Amino acid sequence: LDGLDILAFTGGVGQHLSELRRAVTDRLTHLGIRVDPLLDKEAREDADISAPAATSSTVVVATAEHLTMAREARARVNGTQSAASILRPPSRVE
């Protein structure tokens, strides 16, 4: 890779373990990844943890895997939705 536009950490591990994020990002400085240690330590949901000197963004994104699994299960049972349609964000949770 010549560079990277954005690096996203998601899910329970990526969202809650700053030590893991640091271990990963410390090895990606050649791609423009630089993380602000304070922002990284405090990040839990939807946060940009990039340092000012970064040329690539690093973000923490909250996910809701349980909703995706529930939608997939409902679609399979009902036989009315394709898996691709389930991946689109819902307009509201039923």
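These values consider heavy atoms only, across backbone and side chains, with no hydrogens, waters or symmetry-generated copies. Worth saying up front: this structure is predicted, and the values here are computed from it rather than measured.
Atom CG of residue D48 and atom OG of residue S57 lie 5.0 Å apart, to the nearest 0.5 angstrom. To the nearest 0.5 Å, the span separating CG on L38 from OG on S18 amounts to 11.0 Å. Taken to the nearest 0.5 Å, the OG1 atom of T25 stands 6.5 Å off from the CD1 atom of I49. In this structure, CD1 on I6 lies 7.5 Å from OG on S50, to the nearest 0.5 angstrom.
Pairs passing the salt bridge (charged side-chain N to carboxylate O under 4.0 Å, His left out) check and including a residue from residues 8-28, sequence neighbours excluded, read R21-D40, R22-D26.
Without hydrogens or angle criteria, T10 side chain to T63 main chain gives no donor-acceptor distance under 3.5 Å. Panel note: side chain R34, backbone P52; no donor-acceptor pair is recorded below 3.5 Å.
Open room surrounds CG on D5; 12 or fewer heavy atoms of other groups in view lie less than 6.0 Å from it.
Side-chain heavy atoms closer than 4.5 Å link hydrophobic residues (I, L, V, M, F, W, Y) into clusters, and following such links, even through other members, never connects L39 to V59.
In this structure, D36 has no salt bridge (charged side-chain N to carboxylate O under 4.0 Å, His left out) partners at least two apart in sequence or on a different chain.
The minimum heavy-atom distance linking A8 with V61 is given by the pair CB-CG2, 4.4 Å.
A side chain to side chain contact (heavy atoms under 4.5 Å, CB included) with L4 holds for exactly one of T58, I33, T55; it is I33.
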